[in-house]
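Presented below is the structure to which this report refers.
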Amino acid sequence: MGNLLTYSGITAKVRAMESRFITEEGFQEMASLSSVAQAQEFLKCLPAYSELFSHADTELHRGDMERLLTRSVQHDFEKLYRFATPSQRKFLNLYFTVFEIRLLKRCLRHVFGDTGEVASPLDLSEQQRFFRSHSKLDPERMAAAGTIQELTETLSGSAYYDLFKKLEAKEGITPFDYKMQLDIFHFHFVWKYRNKFFTRNEQDIITQCYGSKMDLLNIQWIYRSKKYYQLDAVSIYPLLIPIHYRLKRDDIIRLAEAENVEDFFNLLSSTYYGTLSNADLAHQPNPEIMYKDILNHIYSSASRRRPYSSAVLNSYFYFKNIEIHRIITTIECIRYGVSTENIISYSIKDQ
């Protein structure tokens with residue numbers, strides 16, 4: 001009864017915000033449009049995006065579109081944070097690392113660039129207020145950093161400083177290494193604090209959602225390493241998240257040591273996720289689609305099973321980010337003249 005009383009308000013708020021998600025019919029309508037400008041006008045007419053796109057009078061490039069849509073997720077976060085109780089804010093504070101890591105990756109792209117030099121100033125002023133309220137990171141200081149050393153120094157006092165210092169001291173570190181270690185940091189952070197902030201039922205939900213996500217990402221990365229790069233097991237292990245949930249250490253070893261892709265799928269079929277998947281693994285389905293299908297089921301069922309818990313917040317942001325990705329995919333397909341039928345096909349795969 002306590003959880004029902006505590007969460008009834010924010011659960012109702014989340015359900016109201018979910019009602020503003022774009023329907024399948026809406027995505028089909030967007031896919032039938034003939035220009036990016038028309039797609040922007042379409043978004044202006046949707047309650048969830050009308051305010052953000054109200055000043056977008058010119059056709060937006062992909063980078064500008066992504067930044068605007070990211071702000072949509074941030075606005076939703078702020079709405080829910082203001083509405084949340086102190087106990088509900090524990091999950092939101094934990095989730096905020098997602099925004100920090102996105103900002104750090106944006107700064108890394110800027111600092112390293114395609115040529116190793118900063119081409120133009122990075123403007124993060126629109127992020128300053130958002131981060132000031134929730135984070136020790138200073139976007140304007142980070143934007144002014146012209147080298148990785150300068151960026152590292154702006155992180156002093158934050159949870160990311162030691163990580164960047166260690167990477168800075170190593171030879172031959174690439175932007176990929178920084179981004180990979182940031183992803184691993186995020187999962188370690190959530191895994192470490194999930195049992196400190198939440199009730200037993202909420203711990204189970206967070207463990208299932210994040211544990212499954214880590215396992216499925218490891219499956220994807222092993223598959224890609226074998227199919228596209230022909231890496232051996234020794235080269236694969238450093239690329240993986242070193243946390244195991246349903247995919248045990250022995251499963252990881254067997255998959256990484258698989259001789260080829262066919263052997264990989266034969267071994268995958270005997271794992272927990274192989275038995276959970278509806279796909280016929282003998283026909284070597286795309287692990288990315290399997291990843292989305294399984295996670296969609298886990299996140300939606302978690303929200304239904306625990307409607308008066310942090311599961312509703314966790315699921316909301318999961319599906320909101322899927323919607324953002326589908327919007328970007330749809331608009332980029334329109335930009336490059338992809339047929340409506342193919343756009344719908346690509347968009348459905350992005351679910």
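Computed over heavy atoms, backbone and side chain alike; hydrogens, waters and symmetry mates excluded.
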With [X] via ring-ring contact (aromatic ring centres under 6.0 Å, His included) - residues at least two apart:
X	value
Phe185	Tyr160
Phe264	Tyr223
Phe53	none
Tyr49	none

Check side-chain contact (heavy atoms from CB on, under 4.5 Å) between [X] and all other residues, then give those that pass, not counting sequence neighbours.
X	result
Phe176	Thr174, Met180, Leu239
Arg67	Asp64, Arg106
Asp162	none
Gln220	Leu217, Arg224, Pro287, Glu288, Tyr291

Answer yes or no: is there a donor N or O on one side and an acceptor on the other, between the side chain of [X] and the main chain of [Y], under 3.5 Å?
X	Y	result
Gln40	Thr58	yes
Ser235	Leu231	no
Gln181	Asp177	no
Gln284	Leu281	no
Ser303	Ser300	no
Ser269	Asn266	yes
Asn93	Arg89	yes
Asp263	Glu259	yes
Lys226	Ala258	yes
Thr11	Pro307	yes

Atom pair [atom1]/[atom2] of [X] and [Y] - distance to nearest 0.5 Å:
X	Y	atom1	atom2	result
Ser156	Phe164	OG	CZ	13.5 Å
Leu267	Glu262	CG	CD	11.0 Å
Ser301	Arg306	OG	CZ	11.0 Å
Ser225	Leu255	OG	CG	11.5 Å
Thr154	Gln149	OG1	CD	12.0 Å
Met142	Ser158	CE	OG	8.0 Å

* Might you confirm whether atom CD of Glu51 has over 12 heavy atoms from other residues, nucleotides or ligands at distances under 6.0 Å? => no

Is it true that [X] and [Y] make a salt bridge, defined as a side-chain N closer than 4.0 Å to a carboxylate O?
X	Y	result
Arg254	Asp251	yes
Glu78	Arg129	yes
Lys105	Asp183	yes
Glu323	Arg326	no

* Asked: Can you tell which of Tyr318, Phe317, Tyr81 makes a ring pair (Phe, Tyr, Trp, His ring centres under 6.0 Å) with Tyr95?
  -> Phe317

* To do: Establish, yes or no, whether the cationic atom of Arg246 lies under 6.0 Å from the six-membered ring centre of Tyr273 and within 45° of the ring axis.
  => no

* Can Gln208 and Arg305 be said to form a side-chain hydrogen bond (donor to acceptor under 3.5 Å, both in side chains), step by step? -> CA-CA 13 Å; Gln208 182 188 27; Arg305 284 187 292 113; 2.9 Å; yes

* Please collect all ring pair (Phe, Tyr, Trp, His ring centres under 6.0 Å) contacts where either partner lies in residues 230-261, sequence neighbours excluded, each pair once. => none

* Residues forming a side-chain hydrogen bond (donor to acceptor under 3.5 Å, both in side chains) with Ser309, sequence neighbours excluded -> none

* Asked: Between Lys320 and Ser72, does a side-chain hydrogen bond (donor to acceptor under 3.5 Å, both in side chains) hold up when you go through it step by step?
  -> CA-CA 9 Å; Lys320 175 70 175 186; Ser72 169; 3.0 Å; yes

Nearest heavy-atom pair of [X] and [Y]: which atoms, and what distance?
X	Y	value
Phe112	Pro175	CG-CG, 3.4 Å
Leu163	Leu182	CD2-CD2, 4.0 Å
Trp221	Ile241	CZ3-CG1, 3.7 Å
Ala145	His110	O-CD2, 4.2 Å
Ala39	Met30	CB-CG, 4.5 Å

* Asked: Does the gap between the ring centers of His134 and Phe99 come in under 6.0 Å?
  -> no

* Asked: Do the ring centers of Phe130 and Phe96 come within less than 6.0 Å of each other?
  -> yes

* For Glu153 and Lys165, what are the C-alpha separation, side-chain angles and deciding distance, and is it a salt bridge (charged side-chain N to carboxylate O under 4.0 Å, His left out)? -> CA-CA 9 Å; Glu153 289 309 308; Lys165 267 296 185 184; 3.4 Å; yes

Quick one about [Y] and [X] (side-chain donor to acceptor, distance below 3.5 Å, no hydrogens or angles considered), yes or no?
X	Y	value
Asp215	Ser212	no
Asn201	Thr199	no
Glu140	Gln127	no
Gln38	Ser34	yes
Asp76	Tyr316	yes
Thr271	Lys248	no

Side chains of residues 186-198: which donor-acceptor pairs under 3.5 Å do they make with residues two or more places apart or in other chains?
| residue | atom | partner | partner atom | Å |
| --- | --- | --- | --- | --- |
| His186 | ND1 | Thr97 | OG1 | 2.8 |
| Arg194 | NE | Thr207 | OG1 | 2.8 |
| Arg194 | NH1 | Trp191 | O | 2.5 |

* To do: Taking salt bridge (charged side-chain N to carboxylate O under 4.0 Å, His left out) as the test, write out the residues that go with Asp280, two or more places apart.
  => none

* Asked: Is there a path of hydrophobic side-chain contacts, each under 4.5 Å between heavy atoms of I, L, V, M, F, W or Y residues, that connects Met290 with Tyr228?
  -> yes

* Cluster check Ile205, Val14: I/L/V/M/F/W/Y, side chain < 4.5 angstrom -> no

